[in-house]
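Because only heavy atoms are used, hydrogens play no part in the values below, and waters and symmetry mates are left out as well, while side chains stay in. Since the structure is predicted, the reported quantities are computational estimates derived from the model, not experimental observations.
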Amino acid sequence: GAGIRTDEASVVTDSKKTTASTQSRAASVSPPPPPMRRPLPRSAKPKPPPRPKKVSSETFFDGKEDCVKKSYEIDLDDEDCLAVFGGDEDEEGDVPEKIEKKKELTEAEKKKMAAMRMQVEAEIVSSEEVYVNNLDKLITTFVHPMKAAKDLVDPADVLVLFSNIELLSGFHQVFLADLKKKEKEVHVTFQRMADFLKMYTQYVNGYENAMSVINTLNKKKGFKKFLEKKQATIGQSLMSFLIMPVQRIPRYVLLLRELIKNTLETDPHIEPLRSSLSKVQDIAAYVNEQKRQMESRTTLLNISQRLSKVGSFELFKPDRHLVKKGELISLHNKLKKRKKHHFMLFTDLLMWTTPTYQMEAYTELLNVKIDEVRVSLKGSEIFSDEKEDKFYGFRLHVPDNTVHSGLGLKTKNKKPPLFFGEDANAQKEWCIAIRETISEYTKIFLEVSVPATIAL
């Protein structure tokens with residue numbers, strides 16, 4: 001046996017020498033082939049793979065900016081996440097499927113869903129009945145008596161208080177009758193009649209004014225006594241009735257979501273229900289947007305009425321909206337002189353006044369450039385967070401001929417004034433708001449203008 005082992009060893013040694021000489025000759029011609037892996041002995045255990053090194057967030061996301069999505073923009077499924085951020089791989093290097101199939105429902109679970117669905121369908125109809133009855137109660141208890149008692153409430157105040165509530169009441173009576181006919185197919189009623197819910201725009205827009213009128217009328221003893229008497233009779237206050245229409249469309253959204261949640265994917269009604277929900281959500285968004293625009297126009301009008309020393313300037317425009325407002329302080333003359341300003345950012349304009357709304361300056365956003373700076377109390381500009389005694393602010397770079405009114409932003413041999421807020425967050429909010437608004441306004445401007453390029 002020993003002789004056999006020696007011969008085998010010599011054969012292996014000669015083989016190694018031959019292989020080495022062959023490889024040395026081939027090295028000048030082509031690179032050596034990859035070394036063959038020797039099988040591990042049975043007793044040897046494979047070494048675990050090395051742990052990945054910790055990488056900073058800045059390095060980790062390098063080159064992956066386009067892949068990283070905000071949660072409200074797109075929902076990445078498991079496979080996408082593995083492809084973007086890395087993850088476990090199988091032996092062949094492919095990303096394994098991580099998405100689990102939905103668990104099959106048992107018969108008991110299906111019955112439970114069916115029972116819940118019936119409850120939600122009944123709730124949609126019953127809540128509509130309650131709502132219709134409350135609208136009728138509001139009209140008979142408050143609207144009609146107030147219209148009749150002109151010495152108690154001015155007719156103009158009655159109109160502000162109740163807006164188009166009688167029109168809404170008439171619509172919901174028809175809506176309820178249709179729901180009762182199609183209790184098992186409520187999506188049909190929503191699909192056919194949801195567009196009429198846009199009537200709520202008028203009511204929602206006037207709700208805050210209605211609250212203001214009530215607060216004023218409550219100061220009158222006669223009106224206050226009238227309300228107390230009615231509340232004692234029906235057990236509900238006028239305020240509790242007036243809030244109901246504001247809450248109605250969001251209530252439909254919640255009920256339809258619950259109905260879809262308890263409807264099987266194989267049910268033929270599932271897609272029509274989703275379509276109905278989408279339609280109601282779109283109308284809710286429309287009503288909210290109309291309310292936002294109404295509030296913006298009202299705010300613009302109020303600011304316009306408070307402004308003084310404006311000359312020929314007209315702030316109120318149908319397509320102009322307030323984006324942000326607040327108090328900032330400016331530093332002048334080597335940062336020694338300080339002055340308070342009321343800053344207002346609009347969709348197309350940047351304007352600042354004194355705290356008492358005396359006009360100081362305004363400029364179109366296309367003319368504005370902005371730089372963030374940090375200023376120490378000693379008066380020198382710094383660009384680090386090492387010191388605590390600093391203000392956070394920004395400079396506006398605007399040509400003199402594009403700034404209107406008394407405060408110029410650029411003069412010979414002088415830097416533009418520095419505007420700063422109370423802390424770093426306030427400064428960043430202003431910088432982000434100004435930059436984003438400039439970007440949006442530039443897009444609109446380019447769409448309606450002939451020139452293709454504009455230097456900002």
Side-chain angles (χ1 to χ4, degrees), residues 154 156-157 159-161 163 201-216 286-330 339-368 370 394 396 398-409 416-417 419-422 426 429-445 447-449:
D154 189 279
D157 288 337
L159 184 60
V160 173
L161 276 174
S163 187
T201 302
Q202 180 180 335
Y203 187 90
V204 172
N205 284 350
Y207 178 74
E208 290 183 8
N209 288 336
M211 296 301 99
S212 178
V213 167
I214 285 181
N215 288 333
T216 302
Y286 170 82
V287 172
N288 287 336
E289 176 60 20
Q290 294 299 310
K291 182 177 184 292
R292 187 193 68 79
Q293 291 187 16
M294 180 68 179
E295 289 173 347
S296 178
R297 285 191 289 269
T298 302
T299 301
L300 206 63
L301 189 60
N302 290 338
I303 293 172
S304 182
Q305 290 173 345
R306 294 182 68 180
L307 284 175
S308 61
K309 297 184 179 180
V310 295
S312 59
F313 173 69
E314 291 185 8
L315 178 64
F316 189 83
K317 287 173 63 178
D319 57 344
R320 179 177 289 159
H321 304 288
L322 179 68
V323 177
K324 185 176 177 62
K325 66 176 180 177
E327 189 174 275
L328 296 174
I329 296 175
S330 64
K339 187 177 181 182
K340 287 186 178 181
H341 308 274
H342 196 73
F343 250 69
M344 285 163 277
L345 174 64
F346 300 95
T347 45
D348 64 330
L349 193 75
L350 185 62
M351 181 178 78
W352 53 101
T353 70
T354 66
T356 57
Y357 283 85
Q358 289 184 8
M359 173 67 81
E360 290 188 313
Y362 65 90
T363 182
E364 285 191 10
L365 291 182
L366 286 175
N367 304 316
V368 176
I370 184 171
F394 57 88
L396 294 176
V398 184
D400 260 349
N401 60 350
T402 62
V403 179
H404 305 273
S405 196
L407 180 63
L409 291 182
F419 296 97
F420 64 94
E422 58 185 12
E429 286 174 6
W430 270 104
C431 289
I432 291 170
I434 292 173
R435 286 199 176 104
E436 288 181 350
T437 309
I438 289 173
S439 178
E440 288 297 318
Y441 180 58
T442 303
K443 290 177 185 177
I444 297 170
F445 185 83
E447 288 174 2
V448 299
S449 302

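- Put simply, the side chain of Gln305 does not reach to within 4.5 Å of the side chain of Phe316, judged on heavy atoms.
- Using a 4.5 Å heavy-atom cutoff, the side chains of Ser308 and Gln358 are in contact.
- Counting heavy atoms from C-beta outward, Ile370 and Arg435 have side chains that approach closer than 4.5 Å.
- Looking only at side-chain heavy atoms (C-beta outward), Glu327 and Lys340 come within less than 4.5 Å of each other.
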- Message: If you apply the rule side chain to side chain contact (heavy atoms under 4.5 Å, CB included), what do you find for Trp352 with Phe419, and how did you get there?
- Response: CA-CA 11 Å; Trp352 53 101; Phe419 296 97; 4.3 Å; yes

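- Nearest heavy-atom pair, Ile438 versus Thr442, reported as atom, atom and distance to 0.1 Å: O-OG1, 2.6 Å.
- Using a 4.5 Å heavy-atom cutoff, the side chains of Trp430 and Leu345 are in contact.
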* Asked: Do Tyr441 and Leu366 pass the side chain to side chain contact (heavy atoms under 4.5 Å, CB included) test, and can you show the C-alpha distance, the side-chain angles, and the key distance before you say yes or no?
  -> CA-CA 8 Å; Tyr441 180 58; Leu366 286 175; 3.6 Å; yes

Residue pair Arg292, Glu289: steps toward the salt bridge (Lys or Arg N to Asp or Glu O under 4.0 Å) verdict: CA-CA 5 Å; Arg292 187 193 68 79; Glu289 176 60 20; 2.7 Å; yes

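- Using a 30° and 60° split on the angle between ring planes, His341 and Phe343 fall in the perpendicular class, above 60°.
- For the pair Thr216 (side chain) and Ser212 (backbone), a donor-acceptor distance under 3.5 Å is present.
- In this structure, Lys325 places its NZ atom where only 12 or fewer heavy-atom neighbours from other residues, nucleotides or ligands lie under 6.0 Å away.
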Under the criterion side chain to side chain contact (heavy atoms under 4.5 Å, CB included), I'd like the reasoning laid out for Lys324 against Met344: C-alpha separation, chi angles, the key distance, then a yes or no. CA-CA 6 Å; Lys324 185 176 177 62; Met344 285 163 277; over 6 Å; no

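- Between atom CZ of residue Arg306 and atom OH of residue Tyr357 there is a gap of 4.5 Å, rounded to the nearest 0.5 Å.
- A donor-acceptor pair under 3.5 Å links the side-chain atoms of Asn215 to the main chain of Met211, judged by distance alone.
- Counting only distance, with no hydrogens or angles, the side chain of Thr298 and the backbone of Met294 share a donor-acceptor pair below 3.5 Å.
- Residues Phe346 and Thr437 share a closest heavy-atom pair of O-CG2, 3.4 Å.
- A salt bridge is defined here as a Lys NZ or Arg NE, NH1 or NH2 lying under 4.0 Å from an Asp or Glu carboxylate O, and Arg320 with Glu314 fails to meet this definition.
- The shortest distance between side-chain heavy atoms of Leu161 and Ile214 falls below 4.5 Å.
- Across Gln290 and Thr201, no two heavy atoms sit closer than the pair CB-CG2, 3.4 Å.
- Taking CZ from Arg297 and CG from Asn302, the interatomic distance works out to 13.5 Å, rounded to the nearest 0.5 Å.
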Subject >> side chain to side chain contact (heavy atoms under 4.5 Å, CB included) assessment of Val204 paired with Lys291 >> reply: CA-CA 7 Å; Val204 172; Lys291 182 177 184 292; 3.3 Å; yes

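- Contact of the Leu315 side chain with the Ile303 side chain is registered, since non-hydrogen atoms from C-beta on lie closer than 4.5 Å.
- Side-chain contact between Leu365 and Leu349 is absent, with no heavy atoms from C-beta onward closer than 4.5 Å.
- In plain terms, the two heavy atoms of Met359 and Leu307 that are nearest each other are CE-CD1, 4.4 Å.
- Using a cutoff of 4.0 Å between basic side-chain nitrogens and carboxylate oxygens, Lys339 and Glu360 are scored as salt-bridged.
- Note: Glu364 CD to Asp348 CG = 6.5 Å, rounded to the nearest 0.5 Å.
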